[in-house]
Amino acid sequence: MSLVSEAARILLNGLQTGAIYVLLAIGLSIILGTLKFVNFAHGALYLIGLYAGLLISQETTFSGGQLAEFGFGTIGLDWGFLAALLIVPALVFVLGIAMERFVARPFYDRPDTDQILLTFGLAIVAQQVVRVLFSGSSQNFAQPSWAAGPLQLPLIGGFPQWRLWVIGITAVLVLIVYALIEFTDFGLTVRAGTQDTEMVQLLGIDISRPYVVVFGIGAALAGVAGVVGGPLNVVNPTVGTDILVPAFITVVIGGLGSIRGAVLGGLILGITESFLIQWSLVIPSLGIDYGFAPWSQVGIYAIAAVILLVRPQGLLGSEVDVS
Amino acid sequence: MSDESANPTDAPETEADGGKTLGGSASENTVTRLRTRWEGARDREVTVIGLTIVGVAVFPYLFARAPVVSDLLQGYQELASLMLVWGIFAIGFDILLGRTGLLSFGHAALWGTGAYAAGWASANITEFPLLVVLIGVSVTVVLSVVLGFLSLRRGGIYFAILTLAFAQMIYYMASAPLSFITGGDNGFTGVEIGSFLGVFDLGTELPSIAGTLIGTWRYAFIGAFLVFSVAAIHRVLNSPYGIVFRAIRENEQRAQFVGFNVWRYKLAAFVLSGTFAGLAGALFTIHGQYVPLSSLYWQTSGEVVIMTVLGGVGSLLGPLFGAGIYLWVEYIVSGGYPFEWIAPYWLLVLGLVFVSVVVLFPEGVWGLVGDLRRRVATRLEEQ
Amino acid sequence: MADDNGSRSRRDVLKAAGAAGSVGIAGLAGCTGGSGGGGSGDGGGGEDYPSLGNFPVEGDTATFGFTVPQTGSYQSEGQSELQAYELAVDHLNNGGGWVGNEFSNLSGDGVLGKQIDYVIGDTATDPDTARNAASRMINRDDVIMFTGGSSTSVAIALEGLAQQEKVLYQCCLTHGNGTTGEDCRRYGFREMFNAYMTAQALVPPATEAYGDDLRFFQLYADYSWGQSVQSSMKQFFEEAGWTEVGNVATPLGTSDFSSYLSQVQSANVDVLFLDEYGLDGANSLKQAVSQGLKDQIEIIVPLYNQLVANNAKQAIPGVLGTTAWDPGIDDPSADSFAQAFQDEYGSPPAGVAQLAYAQVLQYAAAAERAGTFYPPEIIRQFEGYEYDNIGLGQEVMRKCDHQAQRAIPVVQGRPVDEQSEGDLVELVNLVPSDQVGYECNSGPAAKCELGEYGDE
Amino acid sequence: MALLETQGLTKRFGGLTATDDVNLAVEEGEVVSVIGPNGAGKTTLINQITRLLDPSEGDIVFKGESIVEAEPHEVAQRGVSKSFQTASIFPDLTVEQNAEIAALGAEHGSFRLNFFRHRNQYPGVSEGTRKTLEAVSLWQKRNTPASDLPYGDKRRLEIGIALASEPDLLLMDEPTAGMSPEETNATVSLVETVKEELGLTLVLIEHDMEIVFGISDRIIVLNRGRVIAEGTPEEIQGDPDVQEAYLGGADL
């Protein structure tokens, strides 16, 4: 296999892995940037989006959990994947707004640690509610039939179609959010707020409304990530917390409040992971053949550590950001 | 953990508030007089240590063997030891969270490193429990300097995220690339703990009445470290560090402007709490003679956070009680009898309790007990 | 379910005695009111043996501990195990199933004259949680034996605890080589086969179906179980004439295998082994199929379980593997167990259920043969015991490593239109025990040192 | 030699120049006020001296040594203290502990490895604490939690914290902002007493011209980041540039 096709494969796999990180990181990053609110429950929004997507798109049999014990063995609307892709973001958007109003707002004036503790507690509660209702067993989130199976690509050969869709859907969503932030008045307020909340308030702009929307958009992106990411893996209640850490790392690498930073961070992480998985150090003359796959998870944190040492504000973060 | 061990719990509010004016100075009332004397005595190091020793000594009896009480609690000896181990972890963690105001989500890395280092040392260097603990702690101190240095590169909200991230990195290293040392997913199975001072097998019972009260040498060994930890932390909190930590928590910029090197104090707080995390981790190995991979996983960090907050941040012994409550729910309530009705929901219940503590009772169970005590005291004085 | 509290407090003391050996016992008799020696007269044999672990059993009931995953990914397997355990206890106390029939020395009126009670603990498929649950059972509930678990790491952790506490542990579902290899313990027994034996069992059907001179690639879970499967497959399939072109370790908890599978695609092979279990097994299989691999090459899943089959229904047709037990095995013992299970629960038993049921009865039978609950005597009854009563033909519980030498069911995923709930694979072959055995000085057994009985 | 000197101190935020080539010298024992309209760069100037902000250009010399590379806590250790515009106190601690922290900062240095040494082993600290609290008339309230103090007391405590760290130079950022007339008077006499008794050098940012002209030895006027006038109160009062800057000098 040629070097070019190897590289293409690493790139494509990296893009797909990174795409989910990006979707979560954008939300985390703009909420952190504008509202200075650390949301450890962001993974829970992903989890909720995922289960909502599962129930909207297909009928699912739950063999355990309270719902099954109450006689709801098979639940779900079976409306298909597109329905989930439309309904879930709206649903989680509303959830995000409610969260801003009832969870975040009373805590804006409390110390950062209290915000983290609260959202961490909520993440546990969300995960446990899902577990109690649907059981901890794993579920199958089927890929939409129109995107199942492999696609023959030049250079690479067979590649799962759904992964290409994940990359595509993510790209479209990122562009929409980017345009919204970059080219609208709403976006201007948000961007200004990211840099200096007090200044924007001094200018007499009511920022509470745009901020609510920011929270909603961030949440909706996490929900969408759940829907598009669900079919990639088996579904269970721990996926929300599992994805949170790489999403945070993405923000740290990319820089606070920067959408471009989140995208860059996600790509770096995804490609690092995919590169390490596929890279083996082979020196036949010395008899060395060491695969780096076991280091793939370590690698993404090592990258974060290096970037942090060299450029503490993140790759595209601004220097004025004083904590 | 309930009333029966309330005695030692009454002891310590550590800050130097000896000069606090108490109630009315006209103390005709005996209760008031006694209380005044108590308030004066309770901060003294000797009092704190003495009461901790008494509490540690009677706890296993009450928890696992005493009539009625132990039936109610459904406790057992080994869980009593484990509660002390986690208690050390939690009171050390509170140096960072409660005193300095820094929330670390990466203490699993320190606890786990202490546990693995102790386990590895026991298999490869020495079987003597004291040396095993010493090695576990030393390795952890080195790691906490490195982790603290990296994580404190960014202030505020980043700290929690960075500690979490670096701890996960260590977890992943132990899980695969370094599994030739750690045993990977199987955990470290080769722990060999010898007898204490070459004489007392830690698994055996203490002689006579001490055996009835305290139980095993292992518990006594761990209990001694708990007392040492309480004394040491009490000392730290009454040293210049104690007040500088609080200053940093309350107003970091101001602390800097009166001339403190805030960054170094934060690192010091991190390393101090890491030292106790490592000690607890090493004792965890002594206790279980096995190191699970999950000791490095971020859920372990989450557990110590919950314990500390539940028990009461910023109080010397609150986190110890938080640890006790958490483990009691995790081990006894989750195990069914006589809690079948709630057993499957134990973590959900703990999560909800945790959230309500954060929102409504930031001082935790310890704060509630304190409020209650003050209210009763006031009531008594009024009579 | 839990015992009275008198025995709990005694346990704390006794445990100390056990660890101290005979020296401690004399000193302790005083403060325990002599209960250590006097004990139960009937069948417990309290007079004949010193107290050790949770021996002697006080009162009229003996308690078993069932450590099964009740939460987390393997809770459906835990559920199956637990159903089987409860069935076994019911049969021990009241007769039925194999009791009195396949196991002729069991009366159906308890064991050694004592009724059997049980306690349950959740392992969550996590060694630490499992040890906590087992430790509670041993310390508080005075279990005389515990069993259960659904992974090698749990089994190894519990074996260690069993040895420390001198309470017998029946491993149940664990397939890694270490359980009866380098991490074997005197107090642990395994009825399940291991990866080393799986490889031997898979060679004949795989070479017959796919050919003799093939190139294969392995993805393996990067922990001890996956490593032992990978090395075992390589060893036996290369002996059979195949060639391992490459292998790659996938980190624990990997959910996205696309990058790994890409390597398989580029390696130009005939067969892919997916040495992944549970969640990872289902994921890797699903993704291999959706990547189009199955159209080009054959896939083998060395160890099937409910999770793999249930979560990868579309992907399993024709995929070869082994399983703990299959209801399709045609044998009177197998049929009678399947029937009893079906009658009780209204569904056919999963493979792991047979294993769980068998291990409880095996322990009870060993205790009856020993005439006491004294653990070292029961261990000696197990060691080298030959039996033919659990529906898998002639077996031996080997003395050198506590590994059952047994037959292995090789199965294949059913075509999608033939699948039904709980019946997703079909039996291809029951490879008899003499084709999958190994000597005590070879394979995993070579690294096994069992440790002490506790009465030395 | 001047106690504090700034040489060509310039700070730019993006396109905005907040301080522009500011050269000033404060002699020991002097009271110097810095005045100027809103946005003149007063606070930015102070923040550069305390090293909260990095200057874009220029140097700051204190006691003959450049402190432009120093950390804020090092500047404080060398004897520059600052009282904040808003009461920057330690709210959950008692009044006494607030002062104790500052006194400890002075006595104990920026960092030491002495975490097993009891705090009562530092007698100088309790002495300094008491003196300071008496000076700002808060000794009677020493056991009150700082957050329970009335606003005026909080500001006095703020000044107390700055004093307890035993500075040679005290930078005061609008010490009377938001105070009632009585509180203002009390604060002014406090500042005067302190100056007398402790022999402090003071740099004051203040809007209340009555105070400025009453207390200052010298006044420096900033406008749009530049020093437009400098001199005794009398000289400043008559300066046309200053009047211009204040739009007709309504306050003068």
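Side chains are part of it too, since the values below use all heavy atoms of this structure and drop only hydrogens, waters and symmetry mates. Letters A, B, ... are given to chains in the order of the sequence lines, protein chains preceding strands, and every chain is numbered from 1.
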Chemist: With side chains defined as the heavy atoms from C-beta onward, is the minimum distance between B:Y290 and C:P127 less than 4.5 Å?
Modeler: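 In contact.
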Chemist: Hey, are the side chains of C:N139 and B:L79 touching, using non-hydrogen atoms and a 4.5 Å cut-off?
Modeler: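 Side-chain contact under 4.5 Å: no.
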Chemist: How far does CG of C:N132 sit from CD of B:E330, to the nearest 0.5 angstrom?
Modeler: 6.5 Å
Chemist: Between CG of C:D128 and OH of B:Y297, what distance do you get to the nearest 0.5 Å?
Modeler: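 With rounding to 0.5 Å, CG (C:D128) is 14.0 Å from OH (B:Y297).
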Chemist: What distance separates C:T179 OG1 from B:N186 CG, expressed to the nearest 0.5 Å?
Modeler: 7.5 Å
Chemist: Give a yes or no on this: more than 12 heavy atoms of other residues, nucleotides or ligands lie within 6.0 Å of atom CZ of B:F339.
Modeler: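 Counting other residues, nucleotides and ligands, CZ of B:F339 exceeds 12 neighbours.
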Chemist: Looking only at atom types and distance, does a side-chain atom of C:R140 sit under 3.5 Å from a main-chain N or O of B:Q74, one as donor and one as acceptor?
Modeler: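 A pair under 3.5 Å: yes.
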Chemist: So, B:T189 versus C:D183: side-chain donor-acceptor pair below 3.5 Å or not?
Modeler: yes
Chemist: Non-hydrogen atoms of chain B under 4.5 Å away: do they reach the side chain of C:R136, the backbone, both or neither?
Modeler: both
Chemist: Can you tell which of B:G184, B:G288, B:G187 has the highest number of heavy-atom pairs within less than 4.5 Å of chain C?
Modeler: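 Between B:G184, B:G288, B:G187, the count favours B:G288.
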Chemist: To the closest 0.5 Å, what do you measure between OG (C:S135) and OH (B:Y331)?
Modeler: 8.0 Å
Chemist: Can you tell me how far apart CD (C:Q163) and CD (B:Q289) are? Round to the nearest 0.5 Å.
Modeler: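 Going from CD on C:Q163 over to CD on B:Q289, the span is 11.5 Å.
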Chemist: Between C:A133 and chain B, which part of the residue has a heavy atom less than 4.5 Å away: side chain, backbone, both or neither?
Modeler: neither
